[in-house]
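First up is the structure itself, then whatever we jot down about it.
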Amino acid sequence: MNKVFTIITLCGLGAVLSFSSATFAKTDEQVHQISVSGQANVASVPDLFQFSVYVEEQGERVQDLNSVVADKTQTIISSVLAFGVEKKDIQSMRVQLNPWYEHSNNQRVQKGFKLSREINFTLRDIELYDQVIDAVLSTGASRIDGFNYVVEDPQPQYLAALELALKDAKLRATRMANTLGAKLGKVITINENSGYSPMPRGREVMMMSKSSDSLPGQINTGAQVSVTFELVE
C-alpha cells in the first residue's frame, strides 16, 4: 500500500477561507463572552483508487444474455486479478434487467431485453492504474466510469484538521480580545460543525511513478468548529 503524504494548511487570519462573524454578548449574570469560528484543512495524497466497469448486452432471450454477460464479467475480473488485486476488493453482484424497445412505424415495439452488470474495483496500488485500465479496456467492457481517488482511513487527517481548527478559533478570539483590551477566560461552549468531508484538489502532486501520466492529485479533509470563550477584563 502506498504511503499517505499529509500536508497541513491552517486557515488563519487573512486566509481565503471565510469565517463567520465574531459576536459579543452579555448575559444576565454579567458574564462577557466572545464566539468565533475556526476552520482548517489537511491535504493528503490518496492511497486507494476505485472505478466501475459495466457489461451490457441486449437480445431476445434473457438466458442467452445472462450467459454472455457472465462470461464477459469473468474475463474482466480475471484480467484485474492478474495484477494482484484481491477478490475482497471486487464487487460484481449488481445486475439490472430492462425491456429493450425500438421504434417502428411510429410505434414502440419491445424487441427483447437489456441485461447489464456493474463490477466495482478498488486498487490499493495506485501505480497499477494505467495497466489495469488498459487490461479492462482490452476485454471489451461496455463502459468504465465512477473514477474516484480516496484515502482509506480519513480519520487521522480529520482529527488533525479538527485540532488545527480549534487552535485557529482560539487565535482569532485572542487577537480580537487583545484589540479590545480584554483577555480570554475559560471555554464556555464548543461545537463541531463538520464531519469527514474529503474534497479533491485541483493541484496535482508528482508522487507517482515516472512511467505513469495518471496522477491522483490531493484530497482536502476539512474541519470547522464554533467556540465561545469567557472574556476577562
Side-chain angles (χ1 to χ4, degrees), residues 1-52 89 120 122-124 126 146-208 215-233:
M1 181 183 295
N2 293 344
K3 295 182 178 179
V4 177
F5 299 88
T6 302
I7 302 172
I8 296 176
T9 304
L10 176 63
C11 306
L13 294 175
V16 175
L17 296 175
S18 62
F19 301 90
S20 63
S21 301
T23 60
F24 293 89
K26 188 175 183 180
T27 69
D28 295 338
E29 291 79 18
Q30 300 298 312
V31 176
H32 298 269
Q33 59 190 41
I34 179 173
S35 298
V36 296
S37 293
Q39 199 170 39
N41 287 317
V42 170
S44 306
V45 176
D47 56 357
L48 293 181
F49 176 73
Q50 300 171 332
F51 66 99
S52 299
D89 294 323
N120 299 311
T122 297
L123 296 184
R124 298 182 182 275
I126 297 183
F147 299 101
N148 189 29
Y149 286 106
V150 298
V151 175
E152 183 174 17
D153 182 11
Q155 185 177 21
Q157 284 76 27
Y158 176 72
L159 292 178
L162 186 62
E163 182 178 352
L164 290 171
L166 289 168
K167 291 180 179 179
D168 182 51
K170 184 177 182 179
L171 175 62
R172 287 171 52 80
T174 300
R175 293 284 182 88
M176 297 176 71
N178 290 343
T179 301
L180 299 176
K183 295 182 180 180
L184 289 187
K186 63 182 180 181
V187 175
I188 298 176
T189 62
I190 301 176
N191 292 311
E192 181 182 8
N193 300 330
S194 59
Y196 296 136
S197 54
M199 296 294 292
R201 296 184 63 181
R203 186 166 61 92
E204 294 177 336
V205 181
M206 300 296 291
M207 293 183 179
M208 296 291 293
L215 305 174
Q218 291 182 343
I219 291 178
N220 271 348
T221 301
Q224 184 175 2
V225 296
S226 297
V227 185
T228 301
F229 297 91
E230 182 183 6
L231 278 180
V232 181
E233 295 181 357

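Take Glu163 and apply the salt bridge (Lys or Arg N to Asp or Glu O under 4.0 Å) test, not counting sequence neighbours, and it matches Lys167. When the side-chain hydrogen bond (donor to acceptor under 3.5 Å, both in side chains) test is applied to Thr228, the partners found at least two apart in sequence or on another chain are Ser35, Thr189. Under the side-chain hydrogen bond (donor to acceptor under 3.5 Å, both in side chains) criterion, Ser52 pairs with Asn120, sequence neighbours left out. Asp89 meets the side-chain hydrogen bond (donor to acceptor under 3.5 Å, both in side chains) test with Arg124; sequence neighbours excluded. Residues that satisfy the side chain to side chain contact (heavy atoms under 4.5 Å, CB included) test with Val187, not counting sequence neighbours, are Ile190, Val227, Phe229.
To the nearest 0.5 angstrom, Gln224 atom CD is 11.0 Å from Asn191 atom CG. Taking CG of Leu123 as the reference point, atom CG of Leu48 lies at 9.0 Å (rounded to 0.5 Å). Ile219 contributes atom CD1, which lies 12.5 Å from atom CG of Asn41 (distance to the nearest 0.5 angstrom). Distance OG1/Thr221 to CG/Leu162: 12.0 Å, rounded to 0.5 Å. Here the CG atom belonging to Asp47 is positioned 6.0 Å from the CD atom belonging to Glu152, to the nearest 0.5 angstrom.
A 4.5 Å side-chain heavy-atom check between Leu184 and Leu231 finds at least one atom pair inside the cut-off.
Summarising the geometry of Ala165 relative to Ala223, their closest heavy-atom pair is CB-O, 3.7 Å, with the distance given to 0.1 Å. Shortest non-hydrogen contact noted between Met176 and Val36 is SD-CG1, 4.2 Å. In plain terms, the two heavy atoms of Ala43 and Asn220 that are nearest each other are CB-OD1, 3.4 Å. Residues Gln157 and Asp153 come closest through the heavy atom pair OE1-O, 3.1 Å. Nearest heavy atom pair, residue Ser37 against residue Arg172, reads O-NE, 3.2 Å. In this structure, Ser44 and Val151 approach most closely via the heavy-atom pair CB-CG2, 4.0 Å.
Ring pair Tyr149/Phe49 is tilted by interplanar angle, where 30° to 60° counts as tilted.
At distances below 3.5 Å, not a single donor-acceptor pair connects side-chain atoms of Asp168 with backbone N or O atoms of Leu164.
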